[in-house]
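Below, each value reflects all heavy atoms present in this structure, side chains not excepted, and no hydrogens, waters or symmetry copies.
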Amino acid sequence: MTSFVTFRSHLLLRKKWNISYVADQRFKGRGLLLSSLLNKNHNHIQSKRLLSAKHCVSKTSQPLVCKCDCSRRHSTIAAVMSKRTSSAKGINSSKKGLSGNRSADNKNSDPIGDGPTHQGQRSGNKSMKGKSHQASGAAISQEKGTSQSKTPRRKHASGKPKSGKDTACTNAPAFQQQQLTMEEIEAGLKSGRFIQGELRVNARDYKHSYLSHPDGGSDVLIEGLELRKPALSGDLVAVEIIKGFEQETEKPDSIKQLESVCQALDINTDKYVVASSLAGEGSDSETPDVIIEEDQTTMITPGTPKGSDVSVKDTSATSSSPQKKVHRMGKVVTVLKRKHNRICSGHIKKNKTGDRVLFSPNDSRVPRILVSRESCPQDFLKRPDDYKNVLYAARILDWPPGSMFAEGVLIREIGQDGQMDTMIEATLLENNVDTSDFSPNDLGSLTVNVPWQIPKTEIAKRRDFRSMCVFTIDPSTARDLDDALSIEELPDGTFDVGVHIADVTYFLHEETPLDGTAGKRATSVYLPNKVIPMLPRVLCEDLCSLNPDQDRLAFSVVWNISAEGQISKEWFGKSVIRSCVKLSYQHAQGFIDDPHKNWTAEELPPISSPFSVAQIKEKVLDLNKVAVNLRKKRKEDGALNLNQVKLSFNLDDKTGMPNGYHTHEQLDSNRLVEEFMLLANMAVAHKINRCLPEQAMLRRHPEPNSSMALELEKQSQILGVPLDFTNSGSLQKSLDDICREDLHSRGKLQVLLAMCSKPMQMAVYFCNGCLKDEMMYRHYALSVPLYTHFTSPIRRYADVLVHRALSAALGDTQMQLGKDKIQELADNCNVRKKAAKVVSDTCEELFFSAFVQEVGTVEGAAMVLSVLDHCVDVYFLNLGLTKRVYIDQLPLKVATYVDGKLILVWKKVEGVKEEMTQCLSIFTKIHCSITKGNYPLTWMATLQRPEEDDSVKSE
């Protein structure tokens, strides 16, 4: 039965009528319409009492969403959301059900939010004041072997967390994982009963997790915590599809039933919008819905102050629209491999009852943790405020069924929240990046001493390039130089082009402690202010680095190639080189931009005898001539380029903090080096795959997610910029057709690149002996059948494995690792590479926030990336950053969301006689003010009032 219930009335009803419930405080403000099902022993009488209670409850108390047991399990009444009529402060959901939980940067929120949130949290699902709505977890029949997913409870208005007993919801059934043996799980995976994949937890709504389906269709939704325990984001899990959800549905019967109930209660359903249409991918007709009722006197939606004249109206289709999307829901059967390290950073808070302390993680995808008081500071309970800004690290030990909270232990104090060093350390810790010094045992694995010279016996085994003009082209600040180039013109007009890569494997021997450490680290991690190396600096910057005027060991690939890029033959082998000069990209670009300039020795780094500036310039120009034709041929073969703007920082010499920023521009000299590195990687991939059909480390890039690509393809047609996802070449042609020289077209291209990156899957390392279907070896973006990484062994362990494979392919050594071990190392390389990118991106945001905090306000030109009914996602053209911009604090008279557009009517202000109307849709160019966020080292963006020329005057 449906009724209005407030917090106080709810407690009275629960006590008097013995209503069992799971509570979820989603909103604060007026009017929450609740779906309540009464106990089977009193359902008839209690329903009448509950109906009469709706007339006497207060509209000022904090409401709770209640789901109660009923005599009939399948009689759940689906609720209806208030028709997306919200104020500029209002509803936090999108037309397509995108989770719209507000980031802490743009709006203050409760100290402890729903589930794993806490004060100071940078992202994730926040405790909102009338600003978000979502559908509740799915009601899953127990007769099918599952139970209703539990909805976590928010805290009391006082800011104190509820007791563990109060939040446990003991009356609500909990999903119990099936106790299956590994043999049964493997059989289920083989038969198709289960599917496996990496779990992705929604950072804005931690109760929603997703898994890519092997068929490439819509993702599988795991809704609720109980259906995914004990898995965390990134874990490799086995999932069972819940039967009965893989179907297209028209308007759900439960909604029709509710409309009848609302008619009987004389409730106007025109003011409501179906929650399931807003719940995001995977919402289902069997999902219990929640109704939010607007203020019936002022017609202002929840969260809008009384007397305000701002409203957001939604004229989009609501419950009358059929549910056309196929929804697949699942449950985690088991965690096949724990990829999440179970460590997180956060804050400790007092727990009202019990002998443990509450730990609130920064990462909204991680559950809150109960830790023992003994692991906390001794005076924490007496002086908790002293520690509210102290960041700690905790480890999850267990996540019991039926409990919102995980159990764990406090590891250590990280530092003061908001300090750059503290935040970087926390980021590294959460992503399991090893920052410790190399142990004496590791360093003892090196069998050479510094200074070191190449033994003559080793030189005799190698091809000697020391008399040739070999040089490096790298960033001016680079210290680990692992690749060099050479080119010699032959009498027939062709060229011998060489790519020379540092021979790390000469120093890094298999099955040594240092090799084990490097294998675990798998990659160097690059931050704006430092590098965390994979190998000791004695190798990175000295013994292996191809420093100028020093003899160095290398692996070389040499091609005989025409100026048009036609290759006639190739050679692989170990070599010894001597670089004659360390060029920067700017030096090489100078040669390309002004080939007729007479450069002096003073304008370049030192050049070793007998080579001259003129010779170096000629070599660079010859390489560029070949590279241009190689790139042209690759593009004709279907290569795709989705490179986006990259932000770089200028750092203060004393403080190390950013005092400026610039975007990284890819130069022709960058493309020159890239082209020959790609050529070497492809050549080595073919060589080792041919010679080692079971033990070669390769790299593949799967095709885009088909359902997401199809959706984007349809959307692009509507936007007038059709994209063709038939293959990588057709997609690149679509992007080329859009590219123009004017600023708006370039901005539109950047937005499209950001949109195209969403359906793309990640490229991964793999062992060819563990993947039999050779069609899956392909690299989608490069449009080549075989690819690997060979050119950066100083910073990537995958390249070290490829060097060992190439040595075995040449007959110099024997492969010691079997295919299963190689695949295990490949999996770790994939995990560590992904973690390194997360760390790099996070630190980039931190440094940009620090810069904004220092300068105050930054003005930025942006373009709309997506539109919701309460906000827009924008892409900053000169930053390469994306941010969600809310409209709730803008001086608006009204905001209307219709058909994917947000129409804003700006109030009159001093100096402006008329109201101004602004229509926001995808590709709309806007201007934003970037300021520091509500928490340290965060930033927020505010939409600026449009200029008169950019707006449409309201009538």
Original post:
So with a 6.0 Å cut-off around CG of Asn650, is the heavy-atom count from everything else above 12?
Top reply: yes
Original post:
Should Leu370 and Phe359 count as side-chain neighbours, where that means a heavy-atom distance under 4.5 Å?
Top reply: no
**OP:** Could you tell me whether Asp549 and Arg578 make a salt bridge, using a distance below 4.0 angstrom between a side-chain N and a carboxylate O?
**Re:** yes
Original post:
Does anything in residues 830-840 pair up under side-chain hydrogen bond (donor to acceptor under 3.5 Å, both in side chains), and if so which pairs, sequence neighbours excluded?
Top reply: Glu198-Lys834, Lys837-Asp841
Original post:
Parallel, tilted or perpendicular: which fits the ring planes of Tyr661 and Phe851, with parallel below 30° and perpendicular above 60°?
Top reply: perpendicular
Original post:
For the side-chain hydrogen bond (donor to acceptor under 3.5 Å, both in side chains) test, which of Asn432, Asp398, Asp235 pairs with Arg342?
Top reply: Asp235
Original post:
Any luck finding a side-chain donor-acceptor pair between Asp503 and Thr505 under 3.5 Å?
Top reply: yes
Original post:
For residues 818-827, which residue pairs qualify under salt bridge (Lys or Arg N to Asp or Glu O under 4.0 Å), counting only residues two or more places apart or in two chains?
Top reply: Glu694-Lys819, Lys821-Glu824
Original post:
Does CG in Asp379 sit with more than 12 non-hydrogen atoms of other residues, nucleotides or ligands closer than 6.0 Å?
Top reply: yes
Original post:
Would you find more than 12 non-hydrogen atoms of other residues, nucleotides or ligands less than 6.0 Å from Arg412 atom CZ?
Top reply: yes
Original post:
Are the charged groups of Arg356 and Glu374 less than 4.0 angstrom apart, N to O?
Top reply: no
**OP:** Examine Arg700 relative to Tyr777 and say whether NZ or CZ is less than 6.0 Å from the centre of the six-membered ring and inside a 45° cone about the ring axis.
**Re:** no
**OP:** Taking atom types as modelled, find out whether Ser807 and Arg804 have a side-chain donor-acceptor pair closer than 3.5 angstrom.
**Re:** no
Subject >> Distance-only polar pair, side chains of Ser584 and His587, donor-acceptor under 3.5 Å >> reply: yes
**OP:** Evaluate side chain to side chain contact (heavy atoms under 4.5 Å, CB included) for Glu844 paired with Phe649, printing each intermediate quantity in order.
**Re:** CA-CA 9 Å; Glu844 180 181 291; Phe649 297 94; 3.9 Å; yes
Subject >> Ser486 and His500: side chain donor to acceptor below 3.5 Å >> reply: yes
Original post:
If you draw a 6.0 Å radius around CD in Glu854, do more than 12 non-hydrogen atoms from other residues or ligands fall strictly inside?
Top reply: no
Original post:
At their closest point, which heavy atom of Lys349 faces which heavy atom of Val357, and how far apart are they?
Top reply: O-CG1, 3.1 Å
Subject >> Side chains of Tyr585 and Val673 in contact at under 4.5 Å (non-hydrogen atoms) >> reply: yes
**OP:** Indicate yes or no: at least one non-hydrogen side-chain atom of Val838 is less than 4.5 angstrom from one of Glu430.
**Re:** no
Original post:
Does Arg537 reach the side chain of Phe438, with side-chain heavy atoms less than 4.5 Å apart?
Top reply: no
Counting only pairs under 3.5 Å, give me each side-chain donor-acceptor contact of residues 472-484, with atom names and distances, residues two or more places apart or in other chains.
| from | atom 1 | to | atom 2 | distance (Å) |
| --- | --- | --- | --- | --- |
| Asp480 | OD2 | Tyr526 | OH | 3.2 |

Subject >> From CA spacing to verdict: side chain to side chain contact (heavy atoms under 4.5 Å, CB included), Glu425, Thr435 >> reply: CA-CA 9 Å; Glu425 186 178 354; Thr435 60; over 6 Å; no
Original post:
Taking the six-membered ring for Trp, are the ring centroids of His789 and Tyr787 within less than 6.0 Å of each other?
Top reply: yes
**OP:** Evaluate the side chain to side chain contact (heavy atoms under 4.5 Å, CB included) criterion for residues Leu810 and Phe555: first the C-alpha distance (whole Å), next the side-chain angles of each, then the deciding distance (0.1 Å), finally the verdict.
**Re:** CA-CA 11 Å; Leu810 296 174; Phe555 252 118; 4.0 Å; yes
**OP:** Tell me, yes or no, whether the heavy-atom count around Arg395 atom CZ, taken from other residues, nucleotides or ligands under 6.0 Å, exceeds 12.
**Re:** no
Subject >> Residues Lys520, Tyr797; criterion side chain to side chain contact (heavy atoms under 4.5 Å, CB included); working and verdict >> reply: CA-CA 9 Å; Lys520 290 176 182 177; Tyr797 191 74; over 6 Å; no
Subject >> Nearest-0.5 Å distance, CG of residue Leu535 to OG of residue Ser545 >> reply: 12.0 Å
Subject >> Ionic contact status for Lys654 with Asp652, cut-off 4.0 Å >> reply: no
